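Report on one structure; see the data block that follows.
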Protein chains: 2
Amino acid sequence: MDTVFDATSERDRLARELLTRIADKWTLLVIEALEDGAPKRFTRLQEQVGEVSQKMLTKTLRQLERDGLVTRRVHPVVPPHVDYQLTPRGASLGEAACAIWNWVDEHAEAVAQARNATSDPRETAQDVDCD
Amino acid sequence: MDTVFDATSERDRLARELLTRIADKWTLLVIEALEDGAPKRFTRLQEQVGEVSQKMLTKTLRQLERDGLVTRRVHPVVPPHVDYQLTPRGASLGEAACAIWNWVDEHAEAVAQARNATSDPRETAQDVDCD
DNA sequence: CTGAATCCCATGTGATACTG
DNA sequence: CAGTATCACATGGGATTCAG
């Protein structure tokens with residue numbers, strides 16, 4: 001194993017790094033596409049995610065595989081058959097991300113309006129406890 | 001105003017767009033920094049977020065303000081005093097994002113290990129229901 | 001079908017210097 | 001203090017082409 005030095009700041013650094021890794025344009029969308037737990041083929045994913053290019057989908061899947069969030073299985077058949085599936089850890093991310101999709105779905109219109117209107121939202125925020 | 005055409009795909013498009021907007025390198029970190037509901041000054045935010053450059057912090061705050069997630073207040077005093085605060089909508093995003101920070105904090109080490117080990121995570125995922 | 005390789009442009013991001 | 005302006009560079013991301 002690795003020595004357990006001051007884990008507090010180290011954990012924080014890793015968490016920060018992991019957050020910036022999953023907070024890119026495609027990762028969460030791919031996770032969402034795989035969220036039903038069923039293994040999916042490359043082309044299927046490309047359809048489901050939407051306007052993603054083959055390049056970025058490949059890249060995103062490779063990162064997810066490397067981070068142990070997705071499994072990649074290759075079936076050695078004549079037309080290559082590869083499918084992807086969430087690992088338990090990936091599925092847990094999917095669950096955590098649910099709150100985000102719900103929020104996005106719920107507030108998309110309001111945000112779009114706010115963007116056009118430049119109205120002043122002078123209300124104050126309530127305290128939120130996270131940890 | 002705008003006509004209400006087929007809202008289904010329109011909502012989906014807006015939601016997709018909003019997701020990619022908040023899924024950048026800094027937005028969630030800024031939201032987190034403001035999550036306690038207290039107004040914070042620019043420099044304070046810069047310290048709290050971490051390695052963010054002044055440029056990106058400004059940009060991120062401007063986007064958040066435009067989207068009605070953050071308020072920006074300028075006090076016309078000799079040394080300029082500007083503070084930022086979450087709007088209720090911004091706070092609701094903070095709550096939704098909590099699930100993500102918790103997940104990240106919980107899995108950061110495991111993911112870091114998976115990245116180094118290239119072990120095969122051959123377990124299968126369970127079904128997750130979101131909507 | 002899956003994906004690597006390449007070219008190319010847009011955007012992200014940081015460093016630095018300057019301003020009210 | 002809180003920015004704006006500018007340069008310079010890395011990465012993101014798409015289109016196209018090629019290959020097993």
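Residue numbering restarts at 1 for every chain, and letters A, B, ... go by the order of the sequence lines. Note that the structure is predicted; figures quoted are calculated from it, not measured. Just the heavy atoms: all of them, side chains too, but no hydrogens, waters or symmetry mates, feed the values below.
B:Ala112 meets the side-chain contact (heavy atoms from CB on, under 4.5 Å) test with A:Leu14; sequence neighbours excluded. Residues forming a side-chain contact (heavy atoms from CB on, under 4.5 Å) with A:Thr43 (at least two apart in sequence, or on another chain): A:Glu47. In this view, A:Trp26 satisfies the ring pair (Phe, Tyr, Trp, His ring centres under 6.0 Å) rule with no residue, not counting sequence neighbours. Every residue two or more places apart in sequence or in another chain that forms a side-chain contact (heavy atoms from CB on, under 4.5 Å) with A:Lys59 is listed here: A:Met56, A:Gln63. Annotation: side-chain contact (heavy atoms from CB on, under 4.5 Å) contacts of B:Thr20 (sequence neighbours excluded): A:Lys25. Contacts of B:Arg44 classified as salt bridge (Lys or Arg N to Asp or Glu O under 4.0 Å), with partners at least two apart in sequence or in another chain: none. For A:Arg16, the salt bridge (Lys or Arg N to Asp or Glu O under 4.0 Å) partners are B:Glu51, not counting sequence neighbours.
For the atom pair B:Glu95 CD and B:Leu86 CG, the distance stands at 10.5 Å (nearest 0.5 Å).
Residues from residues 39-46 of chain A placing a heavy atom under 4.0 Å of any atom in DNA chain C, listed by number, are A:Arg41, A:Phe42, A:Thr43.
Within the structure, every pair that satisfies the ring pair (Phe, Tyr, Trp, His ring centres under 6.0 Å) test and touches residues 48-88 of chain A, not counting sequence neighbours, is listed here: A:His75-A:His81.
Not a single donor-acceptor pair under 3.5 Å links the side chain of A:Glu35 to the backbone N or O of A:Ala91. Side-chain atoms of A:Lys40 never come within 3.5 Å of backbone atoms of A:Asp83 as a donor-acceptor pair (strictly under, hydrogens ignored). When atom types are taken as modelled, the side chain of B:Arg11 and the backbone of A:Asp105 share a donor-acceptor pair closer than 3.5 angstrom. A donor-acceptor contact shorter than 3.5 Å is absent between the side chain of B:Asp67 and the backbone of B:Leu69.
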Name the pairs: protein N/O against N/O of nucleotides 13-15 of chain D, kept only if under 3.5 Å.
{"unit_1": "D:dG13", "atom_1": "N7", "unit_2": "A:Lys55", "atom_2": "NZ", "d": "3.1"}
{"unit_1": "D:dG13", "atom_1": "O6", "unit_2": "A:Lys55", "atom_2": "NZ", "d": "3.0"}
{"unit_1": "D:dG14", "atom_1": "OP2", "unit_2": "A:Ser53", "atom_2": "OG", "d": "3.0"}
{"unit_1": "D:dG14", "atom_1": "O6", "unit_2": "A:Lys55", "atom_2": "NZ", "d": "2.4"}

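Of all nucleotides in DNA chain C having an atom under 4.0 Å from a heavy atom of chain B, the first and last in 5' to 3' order are C:dG12 to C:dG20.
Taking for each of B:Pro80 and B:Gln63 the nucleotide of DNA chain C with the nearest heavy atom, the 5'-most of the two is the partner of B:Gln63.
At its two ends the helix from C:dC1-D:dG20 to C:dG20-D:dC1 runs along axes set 40° apart, each axis drawn from five pairs and the angle rounded to 10°.
Of the side-chain N and O atoms in B:Arg73, none sit less than 4.0 angstrom from OP1 or OP2 of D:dA2.
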